[in-house]
Amino acid sequence: MKVTVIGTGYVGLVTGACLSEMGNHVVCLDVDARKIDILNRGGIPIHEPGLEAIVARNRAAGRLQFTTDVAAAVAHGTLQFIGVGTPPDEDGSADMQYVLAAATSIGRHMTDYKVIVDKSTVPVGTADRVREAVTTALAARGLSMDFAVVSNPEFLKEGAAVEDCMRPDRIILGADDERAILLMRALYQPFMRNHERLQIMDVRSAEFTKYAANAMLATRISFMNELALLAERVGADIEHVRKGIGSDPRIGTHFLYAGTGYGGSCFPKDVKALIHIGQAHDMPLQVLSAVEAANERQKHVLVDKVTARFGADLAGRRFALWGLAFKPNTDDMREAPSRVIIEELLRRGAMVCAYDPVAMPEARRVLEAMEREGGLSFADSAADALLGADALLLVTEWKEFRTPDFDHVKATLKQPVVFDGRNVWEPALLKAMGIEYHGIGRAGAAD
Ligand SMILES: NC(=O)c1ccc[n+]([C@@H]2O[C@H](COP(=O)([O-])OP(=O)(O)OC[C@H]3O[C@@H](n4cnc5c(N)ncnc54)[C@H](O)[C@@H]3O)[C@@H](O)[C@H]2O)c1
């Protein structure tokens with residue numbers, strides 16, 4: 001099938017690559033010429049395991065192309081995926097300007113039947129706005145043409161995006177147009193050879209499903225983070241509590257980890273957007289407002305522990321920070337808790353030396369001012385970051401940080417103090433080694 005993907009970011013690039021892997025002819029369009037240039041020179045603008053090989057293979061086979069040429073891209077695909085960003089507007093609502101610009105581009109250039117597929121995460125009712133934008137652009141050309149708009153939200157996880165895209169848990173399709181449903185079913189058939197994964201529903205329910213999924217996951221995280229703070233007060237260990245409740249199949253083990261708060265490009269903005277949708281419909285979402293407030297508080301918990309240990313004034317102190325990306329296996333720094341933590345430490349006069357296995361180039365780009373002003377530096381290795389530091393803060397649970405050489409950590413730090421923002425280390429083991437351990441919600445473990 002011929003597919004166009006508008007927006008070649010995390011979602012667009014992975015979707016385009018995986019669709020081409022199944023034999024489709026895919027053209028990925030972006031307005032960012034730098035990104036398209038990198039791709040056309042054989043590079044990959046993001047870190048995503050497995051993506052480079054799949055892109056290279058399908059480019060070489062002529063099934064995957066990258067362009068900034070809107071007219072050519074729109075002319076190519078019967079299926080037009082919209083995968084552009086939907087960042088939060090000032091009031092928390094999803095900013096729809098990129099989605100509507102993409103829709104307008106399609107209307108300006110289409111010459112035959114198209115199925116327009118909203119893959120971006122968008123508020124309920126967006127398909128109607130996309131339809132309107134396309135119709136208006138066609139009318140400006142003096143044309144009226146047949147097309148369908150369907151909702152096909154994306155559930156991939158950064159860090160496992162290719163795997164998720166190739167083996168989706170479910171494919172949600174919101175559509176009311178039989179021809180579009182047939183085409184979408186044919187497109188996704190190779191992704192569900194062993195069992196049916198397609199759930200077809202009305203467009204609004206599909207749009208809503210994506211927000212509901214992210215809101216539920218964010219709720220679990222904030223719930224556990226809040227209980228972790230209480231665990232500290234009552235002398236319990238949230239890690240025991242996590243395992244104790246997670247073994248109940250009604251609860252399950254996923255997304256129950258206490259930490260430094262959720263981040264990334266999706267949960268914060270999608271929770272905000274859903275709260276905004278609730279307000280707009282006179283239906284305040286009280287649970288989600290609390291989820292968001294708890295997350296804001298949680299981002300400061302690690303620094304609160306640092307100041308409780310070293311004092312509010314951190315002038316002259318130096319901290320090693322392991323992990324910058326908002327989670328392992330990605331270089332995405334959007335809304336990463338590390339950003340809040342670094343900013344707070346610097347504001348209190350401390351110096352920070354950070355290390356991340358893959359996110360350092362992106363971190364350098366987004367934290368450029370802090371590096372320039374001298375408070376923040378980047379180390380070439382996890383071990384180098386420790387040099388001259390008063391304590392170590394673990395912020396992202398990359399595998400290489402799971403079992404570090406603690407003898408070396410102890411010998412290198414000025415004082416053997418660690419703040420484990422992800423509860424990946426064993427408090428009793430560290431205590432036995434003479435390392436002072438501070439986790440999240442682990443008062444019970446420290447006794
Ligand atoms: N990143 C994720 O893990 C993830 C997962 C599921 C859903 N989503 C949703 O998918 C959407 C895209 O997210 P992302 O992380 O891929 O964003 P991104 O910022 O990585 O990529 C968006 C791309 O769209 C391009 N773009 C903007 N306007 C354009 C236009 N008019 N024409 C062509 N290209 C245009 C931008 O230049 C950018 O490269 C968002 O709605 C997001 O919520 C993201």
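Along the sequence shown, residues are numbered consecutively beginning with 1. Whatever order the structure lists them in is the order used to number ligands and atoms, beginning at 1.
- A salt bridge links E362 and R365; the closest N-O separation between the charged side-chain nitrogens and carboxylate oxygens is under 4.0 Å.
- When heavy-atom distances to ligand 1 are checked against a 4.0 Å cut-off, S265 comes that close only through its side chain, counted from C-beta outward.
- Relative to the six-membered ring of F155, R170 meets both conditions, a distance below 6.0 Å and an angle of at most 45° to the axis.
- Among protein heavy atoms, atom 21 (O) of ligand 1 sits closest to G9 CA, 3.2 Å.
- Among protein heavy atoms, atom 36 (C) of ligand 1 sits closest to D30 OD1, 3.4 Å.
- Side-chain atoms of Q80 never come within 3.5 Å of backbone atoms of V115 as a donor-acceptor pair (strictly under, hydrogens ignored).
- Counting atoms of ligand 1 from 1 in the listed order, those under 4.0 Å from a heavy atom of G85 are 22 (C).
- Salt bridge annotation for E158-K327: absent, with no cationic side-chain nitrogen under 4.0 angstrom from a carboxylate oxygen.
- Under a 4.0 Å criterion applied to the non-hydrogen atoms of K35, ligand 1 contributes the atoms 38 (C), 39 (O).
- At a threshold of 4.0 Å, the pair E163-R167 counts as salt-bridged, since one of the basic side-chain nitrogens sits closer than that to a carboxylate oxygen.
- Counting only heavy atoms of the protein, atom 11 (C) of ligand 1 lies nearest to V84 O, 3.3 Å.
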Margin query: What verdict does the salt bridge (charged side-chain N to carboxylate O under 4.0 Å, His left out) test give for E226 and R297, after you've listed the backbone C-alpha separation in whole Å, the side-chain angles of each residue and the deciding distance to 0.1 Å?
Written below: CA-CA 9 Å; E226 193 156 66; R297 177 173 64 181; 2.9 Å; yes

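- Note: an N/O pair closer than 3.5 Å links E158 and ligand 1 by distance alone.
- Ion pairing between K210 and E207 fails under the 4.0 Å rule for side-chain N and carboxylate O.
- With a 4.0 Å heavy-atom cut-off, ligand 1 is reached by the backbone of L156 and by its side chain too.
- Only the side chain of K269 comes within 4.0 Å of ligand 1, judged by heavy-atom distances.
- Salt bridge present: R250 and D248 bring a charged side-chain N and a carboxylate O closer than 4.0 Å.
- Close contacts between ligand 1 and K210 involve ligand atoms 6 (C) [criterion: under 4.0 Å to a heavy atom].
- The shortest contact between atom 7 (C) of ligand 1 and any protein heavy atom is with T121 OG1, 3.6 Å.
- Shortest non-hydrogen contact noted between H300 and V340 is CE1-CG1, 3.7 Å.
- In this structure, S105 falls outside the shell of residues with a heavy atom less than 4.0 angstrom from ligand 1.
- Atom 17 (O) of ligand 1 has R334 NH1, 3.7 Å as its closest protein atom, hydrogens excluded (heavy atom only).
- Using a 4.0 Å cut-off between a side-chain N of Lys or Arg and a carboxylate O of Asp or Glu, E178 and R185 do not qualify as a salt bridge.
- At the top of the distance list for atom 30 (C) of ligand 1, counting protein heavy atoms only, stands V31 CG1, 3.7 Å.
- Ligand 1 has an N or O atom lying under 3.5 Å from an N or O atom of Y10, backbone or side chain.
- Protein heavy atom closest to atom 24 (O) of ligand 1, with residue, atom name and distance, is G7 CA, 3.4 Å.
- Summarising the geometry, atom OG1 belonging to T68 is positioned 10.0 Å from atom CG belonging to D32; distances are rounded to the nearest 0.5 Å.
- The backbone N or O of V424 sits nowhere less than 3.5 Å from a side-chain atom of E397 that would complete a donor-acceptor pair.
- Nearest non-hydrogen protein atom to atom 8 (N) of ligand 1 is V11 CG2, 3.5 Å.
- Listed by number with element, the atoms of ligand 1 under 4.0 angstrom from any heavy atom of T86 are 40 (C), 41 (O), 43 (O).
- Residue-ligand proximity, I6 to ligand 1, at heavy-atom distances under 4.0 Å covers atoms 32 (N), 33 (C).
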